[in-house]
Every structure is written in structure tokens, then in C-alpha cells.
Protein chains: 2
Amino acid sequence: MKIGDFAAKSGLSADTLRYYERIGLLPRTVRDAGGRRSYGMDDLAWAAFLRKLQAMDMPMRDRLEYSRLRAEGDATLRTRRKMLEAHRDALVARQAELAELVATLDAKIDHYIDMESGTQESFDDGGQTHDDRGSGIAPPRERSRRGASARA
Amino acid sequence: MKIGDFAAKSGLSADTLRYYERIGLLPRTVRDAGGRRSYGMDDLAWAAFLRKLQAMDMPMRDRLEYSRLRAEGDATLRTRRKMLEAHRDALVARQAELAELVATLDAKIDHYIDMESGTQESFDDGGQTHDDRGSGIAPPRERSRRGASARA
DNA sequence: GCTTGACCTGGAGCGCGCTCCAGAAAGTAG
DNA sequence: CTACTTTCTGGAGCGCGCTCCAGGTCAAGC
């Protein structure tokens, strides 16, 4: 498969593919008689996995290291697994952080709703000058758990 | 409070604070007799909230728009609430995506463990050339739900 | 008064992760 | 064969979000 097709199938531009190869994210590609890059299905799977690592917010330097290790073969399996486990933990931590932030947002949204119905002053400090210290964040009343969707 | 103190308390550098003011993320600061910026507690609360928006991955353009709306006063309350609700939804979607990615990672980690114990070939394509289509992702065996922590 | 240090402004510089371009060569169609 | 398209390489450019710097002002301590 030539780079144009591969780009279409992988969702990465031809320029990006060449760039990734240059920096070592993709292995040196097999070339055809005329010097053009020739990609296989395995490359497609690897590109897809790279995109997942990116979607997980794994930093470029880590993706580079992972790629380098992969290129070294089976001897690096343990190291790679450790990297994935570490990143898994980071992801779980991020999920927890997001949950907290959603709660903050819910509280602030409720605060806004109060201000919209009444005729209060602005006072836009996040909706919780007093409480909010990462703990539980008790909703002011009970009308939270909504999204733009559930009211629009 | 002068910019140095404020920087220390807000966690943003003085340069960043001036930069934020320039681009409109922070309102034009009150100046003292000598022309120096003078910050109050309300600014501190706003800076903290801006950091939360950033931690939520709200794009800079949206934070700018939100700040601009806030500067316009109470007339924009509804609009701001809508923005927060929309971003709340984005956050919840991201949480779901992360949950999927964690599952992918778990599957791949298990795959690695298999390869480490046996003496298989490399075949590093993400650990699931066959399955994995965003659905459930059944763990190959039952030994998942670990982190770097739980084994190290 | 003098030194020291925090602060001011405008603008340059930077690291990241691409993205685009020029100029050449090779494959493909008619 | 010509014409067109794709790909090639090396390198420049870009948008973001700061970060740093020069050269100057102002305030406080000695």
C-alpha cells in the first residue's frame, strides 16, 4: 500500500506519516523499486495503536520511547508493559480528576441558575468561594445531574 | 496585592498574568499610584477558576469567550451557563472515552503478560488485531484490573 | 542620596507537533 | 511519446501558550 492509501486508511496525513517516520514513531518503511514507501496491514495496526496512545494523552516523548522499545523486539516486552501500566494508572487518576471537575461545574451551573432566577449581583468567583476543597462537594440543592442536552 | 504575591498565590507566573491580561483572560487590573498592578481576592478566585477551566481542557478560545462574557456582566449569565453545560457534556464524554481506553490498555497489558510467560513472536499490533470495536472489550482471561502499583 | 529589587512595556524567542513548499523523480493514462 | 499525478527529500513556516529579555520607572531600606 502506498502512502496516499495508507494516509486515507490511517487517518494521518502523508506529511504526518513521513514526519512520524523521521522522528522514529513509525519504523523505517519498506520501499518499493522506485523508492516509494510501501505499507502493510501491520503498519496500519501500529498506526491505530499510536493514535490510541495519543488519545490517552500519552506525551510524545513517551510514545517515542515506546516506539523505540518496540523496534528493539521482544527483549523490551516487560519494559513496555510497565509503561502501559504506569499510563493506565495516570488515566485512572485523570478520570478521578475529571469527576471532580464535573462536580465543580455542576455546582457552578446550579449557582448560575440561582442567579438567573433571582436578581442577585454578579459575584463570579467560581460559585464556591467558601466550600470546595476536593472533598465531596455537596450540591446546593438537589437539581444537578443535567447536561446541555437534558435541558436544550 | 502586587503581582509577585499574586503569582505565588495563584500558581501563575507574573509573566503569565500579564500575558493573560493582554489577551483578555484576566480583566484589566487596577493600578496603584505608581502604575503597578493591584490584585484583590476576587481576582484570585477568578484565576483559580480559570485554572480549573484549563484543567478541564477547555480550549483557550472558549476560555477567552467566557472571560469576555463575564466582563460584560450579568446580562451574559445564561450564555455562560450554556457554555459550562456544553463543556460539562464534553467532560462526561471524555470520561467515557477514557474508560474505553483503560479497557484497551488492560487487554493489551494482559496480552503482554501472555507473551512474557510464553515464548511467542512479537506481533505488536495493539493486542487485538481481531476484536475491539468500541463495544465491550471482554478481558481475555479474568486477571485484569491492576495498575503499576498493584504489582510493583 | 543611593542602592537594591520589584515592576513596567513591547517585543523577541521557544518547544511542540505538525503542515506546507519547492524541485526532482518515478509511475500511469491516453 | 507527452501529460499528469503521486511521491520523494530537506527545510521553512505556523499557531499555540507561554517565557524571557532589554531598557526603563518606581518604592523602600540603609
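Numbers restart at 1 for each chain; the letters A, B, ... are given by sequence-line order, proteins then strands.
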Can you tell me how far [atom2] of [N] sits from [atom1] of [X], to the nearest Å?
X     : N      : atom1 : atom2 : value
A/I23 : C/dT19 : CD1   : P     : 12 Å
A/L26 : C/dC18 : CG    : P     : 11 Å
B/R61 : D/dG15 : CZ    : P     : 13 Å
A/Y20 : C/dT19 : OH    : C1'   : 12 Å
A/R28 : D/dC8  : CZ    : P     : 16 Å
A/L50 : C/dG17 : CG    : P     : 13 Å

Answer with base, sugar-phosphate or nothing: what part of the nucleic acid does [X] contact at a heavy-atom distance below 4.0 Å?
X     : result
B/R37 : sugar-phosphate
A/Q54 : sugar-phosphate
B/R31 : sugar-phosphate

Closest listed nucleotide, where the reference is the side chain of A/R22 and the choices are D/dT7, D/dG10, D/dC18: D/dG10
Chi angles and distances behind the salt bridge (Lys or Arg N to Asp or Glu O under 4.0 Å) call for B/E21, B/R31: CA-CA 13 Å; B/E21 187 177 333; B/R31 302 304 181 101; 3.8 Å; yes
Sidechain N-carboxylate O distance under 4.0 Å for [X], [Y]:
X      : Y     : answer
B/E116 : A/R78 : yes
B/E72  : B/R68 : yes
B/R94  : A/D57 : yes

Phosphate-side-chain proximity, B/R18 and C/dC8, N/O vs OP1/OP2 below 4.0 Å: yes
Partner set under salt bridge (charged side-chain N to carboxylate O under 4.0 Å, His left out) for A/D62, not counting sequence neighbours: none
Nucleic acid contacts - residues 1-17 of chain B versus DNA chain C, non-hydrogen atoms under 4.0 Å: B/K2, B/I3, B/G4
Where at least one partner belongs to residues 9-41 of chain B, residue pairs that pass ring-ring contact (aromatic ring centres under 6.0 Å, His included), sequence neighbours excluded: B/F6-B/Y39
base_contact_polar (D/dA27 base, B/R36 side chain, donor-acceptor, <3.5 Å): no
Pi-cation contact, A/Y112 with B/K82 (under 6.0 Å, within 45°): no
